[in-house]
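What follows is one structure encoded as structure tokens, with my remarks underneath.
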Amino acid sequence: MTPPVTLEELAWLDRCQRRLWLDRNGDTAERVPPARDAVARTEANRTHARRVVAALAGVTPVPEGTWEDRLAATLELVRAGTPLIAWAALEAPVGGVVLRSPIHLLRRTADRQAPSGYSYQPVDIRLHAEPTRWDRSRIDGLRWLVGAALAGGCAPPGELWLGANGAAPARVYARHGDVRALGATLAGRHAGVVAGAEPAIWFDSDHCPFCPWRDACDRVALGSQDLATLPGLRRSHARALRHSGVTAVPQVATLSHAQLAALPDSDGTIARALQAHAESLQSGRPVSHVSKRSEPAGAGDGVLFLDIETDPLTRVPWAIGWMGLDGVAVAAVVAPVARPRQVSIAGVAVTLVRTPAQAWQLAADAVGGPVIHWGDAEMLLLARSGAARARAVVGPWLLDLHAVISSDVALPIPRLSTRRSAGLKAVAGWLGYSWPEGADHWADGWVAYQGWRAARRGRRAGAAQVSPGVLAPAMAYLRSDLDALAVVWRWYRAFRDDTQAPTCER
């Protein structure tokens, strides 16, 4: 029998089969630890699950220990009819392998058909609010596992607890249906992948940061100019192109507009963008893929650059920063203060406020023209945490520079495992901007802010006074985001004003 396989591993059957193939066939010397973003995201999810479980009444946790100890403890609690078991461990053999998985919660339910009069249902806890297909696959896998290990193959329903509403889930997503054949299907697919040919590379910034083979894939993809490095390419495009023998960016550059428009999930606009991206990577220069140009982003006076830092668990803003064309950075930081208080931290004029709504209002008071930001989060966060007055002032001026650039110009920035080719860090880095060491990741700011809030609570308990200066990494990161926005905006304005800027209209 082959080594045990976890359901978490089997999620890669749909995410990236290359990961599973390399786990079995790759050179272990090329493995690397998870990327920092993956570590931060994993910890946020772990903290969220702990908070949810800790808030439940009558829960019995499985003690920490080896897998074998946890498995034995779980089975003992099940035999005892424990109503709610946290951090359970189960496994079951199928198709020549043992499938195993930890389970956030096992909840006892009445079952007249069971000899004991009860059975168990799995609950999986996730921080994000909408179920992904990986979530659905995992909860179905847990349902199969509970059925195989505890119920003679009869899989129970299961639940996904999604999002955060304080210490409770924001949404409960029930999962039903027949999954009796799922274990054998997963085991068979896994066996076929690891024994088959080396799968093609595909980069996905939601998954690659967690993969130990990402650096190896980056090297292979860059060395061969693999399709995976082409920005704007979808999975369906890549499958169709590889099926027709097109595996590298230079080959894409030779395809006609009609050939690219005929790809699955493609059209004329997408075809022009793919042509431009291929030409840009080949030439090393930006290439426009629109024939008619509108007014450049942020035209006029009163431009303001805006960036927001949020709690990774609740997505509630804890800092909002803005900066004008004069380069003077201002921020509002949510703190336990009775009234607003002004301080200077890392060259940023900071106002400590009590609520995100107050922070939004301070930002609204500074608005006098286009509000340049990156991505779609700002509009969503404004709607969720801003008061009506701030929404009315800020909302009409919000301008997503990421969307504007993405719809207009292809940049010579290859897509890689942990880099979105059109991400702010990638674009600003291509232009020569870099974040300061020690303040170059969102987790730097979040850790500093958490530490400051914890120290303030300690002060109320009798500790020494805590200076807001400990927030310096947070403000340095926020300031860098604002500076990067300004660098990219100025470059884009100059690019658009250049009447000789290259276009791609084949």
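Since this is a predicted model, take the numbers as computed values, not measurements.
- With hydrogens and angles ignored, the 3.5 Å screen pairs no side-chain donor or acceptor of D140 with any backbone N or O of S137.
- Side chain of R234 to backbone of D265: a donor-acceptor contact under 3.5 angstrom is found.
- Residues A38 and P209 share a closest heavy-atom pair of CB-O, 3.3 Å.
- Here W491 and W430 bring their ring centres to under 6.0 angstrom of each other.
- The one candidate from R136, R126, R107 that meets the salt bridge (Lys or Arg N to Asp or Glu O under 4.0 Å) condition with E159 is R107.
- With a 4.5 Å cut-off on side-chain heavy atoms, H104 and W87 count as touching.
- No side-chain donor from either of D226 and T247 sits under 3.5 Å from a side-chain acceptor of the other.
- Closest approach of P122 and I103 over heavy atoms only: CB-CG2, 4.1 Å.
- Relative to the six-membered ring of W442, R36 misses at least one condition, a distance below 6.0 Å or an angle of at most 45° to the axis.
- Residues P356 and V316 approach most closely at CG-CG1, 3.7 Å, considering heavy atoms.
- Listed here is the closest heavy atom pair of L478 and A331: CD2-CB, 3.8 Å.
- Residues C16 and W202 fail the side-chain proximity criterion, which asks for heavy atoms closer than 4.5 Å.
- Residue-environment remark: CZ (R235) exceeds the threshold of 12 foreign heavy atoms within 6.0 Å.
- Put simply, the side chain of V334 does not reach to within 4.5 Å of the side chain of P317, judged on heavy atoms.
- With a 4.5 Å cut-off on side-chain heavy atoms, R41 and L127 do not count as touching.
- In plain terms, the two heavy atoms of S407 and H289 that are nearest each other are O-CE1, 3.3 Å.
- In this structure a side-chain-to-backbone donor-acceptor pair under 3.5 Å is missing from S280 to A276.
- Side-chain contact between L186 and W144 is absent, with no heavy-atom pair separated by less than 4.5 Å.
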**OP:** May I have the step-by-step check of side-chain contact (heavy atoms from CB on, under 4.5 Å) for W374 and I405, ending in yes or no?
**Re:** CA-CA 10 Å; W374 196 269; I405 291 178; 4.2 Å; yes
Original post:
Does the side-chain contact (heavy atoms from CB on, under 4.5 Å) test come out yes or no for Y173 and D124, once each step is laid out?
Top reply: CA-CA 10 Å; Y173 177 86; D124 199 45; over 6 Å; no
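- Between R70 and E64 no salt bridge is recorded (no basic side-chain N to carboxylate O distance below 4.0 Å).
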Subject >> Pair L142-R138, side-chain contact (heavy atoms from CB on, under 4.5 Å): steps then yes or no >> reply: CA-CA 6 Å; L142 292 177; R138 176 173 168 77; 4.2 Å; yes
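- Of the inter-residue distances, the one linking C211 atom SG with F203 atom CZ reads 10.0 Å to the nearest 0.5 angstrom.
- A donor-acceptor contact shorter than 3.5 Å links the side chain of H48 to the backbone of G163.
- In this structure, CG on L485 lies 11.0 Å from OG on S480, to the nearest 0.5 angstrom.
- Once rounded to the nearest 0.5 Å, the distance linking CG of D218 with OG1 of T418 reads 6.0 Å.
- Judged by distance alone, the side chain of Y492 and the main-chain N or O of V409 form no donor-acceptor pair under 3.5 Å.
- D135 and T132 are linked by a side-chain donor-acceptor pair at a separation below 3.5 angstrom, with hydrogens and angles left out of the test.
- Using a 4.5 Å heavy-atom threshold, the side chains of W435 and L424 count as touching.
- No salt bridge links R15 with D204; every basic N to acidic carboxylate O contact stays at or beyond 4.0 Å.
- Here the straight-line distance linking atom CZ of R133 with atom CG of D14 works out to 5.0 Å at 0.5 Å rounding.
- The pair R19-D23 counts as a salt bridge, with a side-chain nitrogen and a carboxylate oxygen less than 4.0 angstrom apart.
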**OP:** Go through S288 and D408 one step at a time and tell me if the side-chain contact (heavy atoms from CB on, under 4.5 Å) criterion holds.
**Re:** CA-CA 6 Å; S288 179; D408 183 350; 3.1 Å; yes
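- In this structure, L411 and P286 have side chains that are in contact, with non-hydrogen atoms separated by less than 4.5 Å.
- In this structure the side chain of S417 never reaches within 4.5 angstrom of the side chain of C217, judged on heavy atoms.
- For the pair S266 (side chain) and A262 (backbone), a donor-acceptor distance under 3.5 Å is absent.
- Taking the ring centre of W21 as origin, the terminal cationic atom of R18 falls outside the region bounded by 6.0 Å and 45° from the ring axis.
- Side-chain atoms of D311 and W446 include no donor-acceptor pair closer than 3.5 Å.
- Here the side chain of R189 pairs no donor or acceptor atom with the backbone of L10 at under 3.5 angstrom.
- Looking only at distances, a side-chain donor or acceptor of R415 sits under 3.5 Å from a matching main-chain atom of L233.
- Every residue two or more places apart in sequence or in another chain was checked for a salt bridge (Lys or Arg N to Asp or Glu O under 4.0 Å) with D215, and none qualifies.
- Between the side chain of D178 and the backbone N or O of R180 there is at least one donor-acceptor pair closer than 3.5 Å.
- Among all heavy-atom pairs drawn from L260 and A271, the shortest one is CB-CB, 3.7 Å.
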Original post:
Yes or no on salt bridge (Lys or Arg N to Asp or Glu O under 4.0 Å) for R479 and D483, after CA distance, side-chain angles and deciding distance?
Top reply: CA-CA 6 Å; R479 171 60 188 263; D483 287 338; 3.1 Å; yes
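- Separation of atoms OH (Y449) and CD (E309) is listed at 11.5 Å; rounding is to 0.5 Å.
- The ring-ring contact (aromatic ring centres under 6.0 Å, His included) pairs that include a residue from residues 204-242 are W134-H207, where partners are two or more places apart or lie in different chains.
- Between the CG atom of L227 and the CD1 atom of I201 there is a distance of 10.0 Å, given to the nearest 0.5 Å.
- Between the side chain of R143 and the main chain of H176, a donor-acceptor pair closer than 3.5 Å is present.
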